[in-house]
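Report on the following structure.
Letters A, B, ... are given to chains in the order of the sequence lines, protein chains preceding strands, and every chain is numbered from 1. Just so we're clear, the structure is a prediction, and the values are computed from it rather than from any experiment.
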Amino acid sequence: MDEPKKYQTDSGQNLLPESFFLDEDVVGHARRLLGKVMVTNIDGHICRARIVETEAYRAPDDQACHAANNRRTPRTEVMFARGGHAYVYLCYGIHHLFNVVTGPEGMAHAVLIRGVEPLDNTAVMLERRQFTQLKPQLTAGPGVLAKAMGITTRLSGVFMPAVDAPVWLEDDGYLLKKNDIRIGTRVGIASAGNDAFRPWRFSISGNRWVSPRLGEGETSW
DNA sequence: CGTCCGATGAACT
DNA sequence: GTTCATCGGACGT
């Protein structure tokens, strides 16, 4: 096995390479992104947070995916780009939701990041949320974590393995055992029919920075 | 152009 | 438990 290609970032840590994102297993990507680190560089503020909760969305068959049936619109077009791009969209007119596009070009797969644990530059994250104390409400949920990290729809389309991207992903060596991963159904997609019950939500078991909402058909999480 | 509504979060009762 | 803010995208006219 060749060593995976590594890139230097300003932290000296390992940028996830393009190859990480290109296989066709988006559910696997959702699992493998648990424990990885997302980083933003917005207006010179570099913030880091560990990914603790994800969901997979898989066109064309998954009816919960914005690109279901390979529907191409100006908004979903970036989902058809090759893996490693960022897909950010506005939800309820208020919340910016951050996704990692995966798969080869033409395959509209994405992983929604639903919860992160703040690591670096938490002061800026607190300021963006108008919080004074570190607590799960700061970043446990896709809308609030985007706000804390300074992510908006302006970042949609960014290719994250590129040098000098404003948002990227790193592997800092954090290890996760199989039993550390909790699996559930995805949140807020009741209109997706049977696909609402796919077990495509993943989290780090017991982690307090996981969002509190229940998936479809669930009575506890 | 008009209408409907959403991969949410927060503030209520 | 419920309500609702707020607006771009998607689609039909």
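Ranked by how close their nearest DNA chain B nucleotide is to the 5' end, L90(A) and F131(A) are led by L90(A).
Checking side-chain atoms of H29(A) against main-chain N and O of D25(A) turns up a donor-acceptor pair under 3.5 Å.
Look at CZ on R72(A): it is 17 Å from C1' on dG9(C), rounded to the nearest Å. Taking atom NE2 of residue H66(A) and atom P of nucleotide dA10(C), one finds them 9 Å apart after rounding to whole Å. Here the C1' atom of nucleotide dT8(B) and the CG atom of N99(A) are 14 Å apart, to the nearest Å. A straight line from NE2 of H109(A) to P of dA7(B) spans 18 Å, rounded to a whole angstrom. In this structure, the NZ atom of K135(A) is 14 Å from the C1' atom of dG9(B), given to the nearest Å. If you measure from atom OH of Y92(A) to atom P of dT3(C), you get 15 Å, rounded to the nearest angstrom. In this structure, R114(A) places its CZ atom 8 Å from C1' of dT8(B), rounding to the nearest Å. Between the P atom of dA10(B) and the CG atom of L145(A) lies a distance of 12 Å, rounded to the nearest Å.
Within 4.0 Å (heavy atoms only), R75(A) reaches sugar-phosphate atoms of the nucleic acid but no base atom. Within the 4.0 angstrom heavy-atom criterion, only backbone atoms of the sugar-phosphate kind lie near R129(A); the bases stay farther away.
Among residue pairs with one or both ends in residues 174-221 of chain A, none qualify as ring-ring contact (aromatic ring centres under 6.0 Å, His included); sequence neighbours excluded.
dA7(B) has its base stacked against the ring of Y57(A), the centroids being under 5.5 angstrom apart at an interplanar angle below 30°.
Partner D172(A) forms a side-chain hydrogen bond (donor to acceptor under 3.5 Å, both in side chains) with one of K36(A), R48(A), R50(A) and no other, that one being R50(A).
The side chain of L112(A) sits closest to dA7(B) out of dA10(B), dA7(B), dT8(B). Side-chain proximity of I94(A) to the nucleotides dA7(B), dA10(C), dT6(C) is greatest for dT6(C). Of the candidate nucleotides dT8(B), dA10(C), dA7(B), dT8(B) has the atom nearest to the side chain of H95(A).
Applying the side-chain contact (heavy atoms from CB on, under 4.5 Å) criterion to S205(A), with sequence neighbours excluded, gives R182(A). With sequence neighbours excluded, no residue forms a ring-ring contact (aromatic ring centres under 6.0 Å, His included) with H109(A).
Taking the six-membered ring where the residue is Trp, Y89(A) and H66(A) present perpendicular rings, their angle passing 60° and hence far from 30°.
Hydrophobic clustering of Ile, Leu, Val, Met, Phe, Trp and Tyr side chains at less than 4.5 Å, counting indirect connections, unites L155(A) with M38(A).
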Please tabulate, for the side chains in residues 51-58 of chain A, all donor-acceptor contacts under 3.5 angstrom to protein atoms that are two or more places apart in sequence or on a different chain.
{"residue": "E53(A)", "atom": "OE1", "partner": "S211(A)", "partner atom": "N", "Å": "2.6"}
{"residue": "E53(A)", "atom": "OE1", "partner": "S211(A)", "partner atom": "OG", "Å": "3.1"}
{"residue": "E53(A)", "atom": "OE2", "partner": "R114(A)", "partner atom": "NE", "Å": "2.9"}
{"residue": "E53(A)", "atom": "OE2", "partner": "R201(A)", "partner atom": "NE", "Å": "2.9"}
{"residue": "E53(A)", "atom": "OE2", "partner": "R201(A)", "partner atom": "NH2", "Å": "2.8"}
{"residue": "E53(A)", "atom": "OE2", "partner": "S211(A)", "partner atom": "OG", "Å": "3.0"}
{"residue": "T54(A)", "atom": "OG1", "partner": "A30(A)", "partner atom": "O", "Å": "2.8"}
{"residue": "E55(A)", "atom": "OE1", "partner": "Y57(A)", "partner atom": "OH", "Å": "2.6"}
{"residue": "E55(A)", "atom": "OE2", "partner": "V187(A)", "partner atom": "N", "Å": "2.9"}
{"residue": "R58(A)", "atom": "NE", "partner": "D61(A)", "partner atom": "OD1", "Å": "3.3"}
{"residue": "R58(A)", "atom": "NH2", "partner": "D61(A)", "partner atom": "OD2", "Å": "2.7"}

For DNA chain C, the expected dot-bracket line (Watson-Crick or G-U under 3.5 Å, [ ] crossing, | inter-strand) is |||||.||||||.

Pull out every protein N or O sitting under 3.5 Å from an N or O of nucleotides 11-13 of chain C, one pair per line with the distance.
{"residue": "dC11(C)", "atom": "OP1", "partner": "R71(A)", "partner atom": "NH1", "Å": "3.1"}

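Annotation: cation-pi pair R72(A)/F80(A) present, NZ/CZ under 6.0 Å from the ring centroid and within 45° of its normal.
Around CD of E77(A), the count of heavy atoms belonging to other residues, nucleotides or ligands within 6.0 Å exceeds 12.
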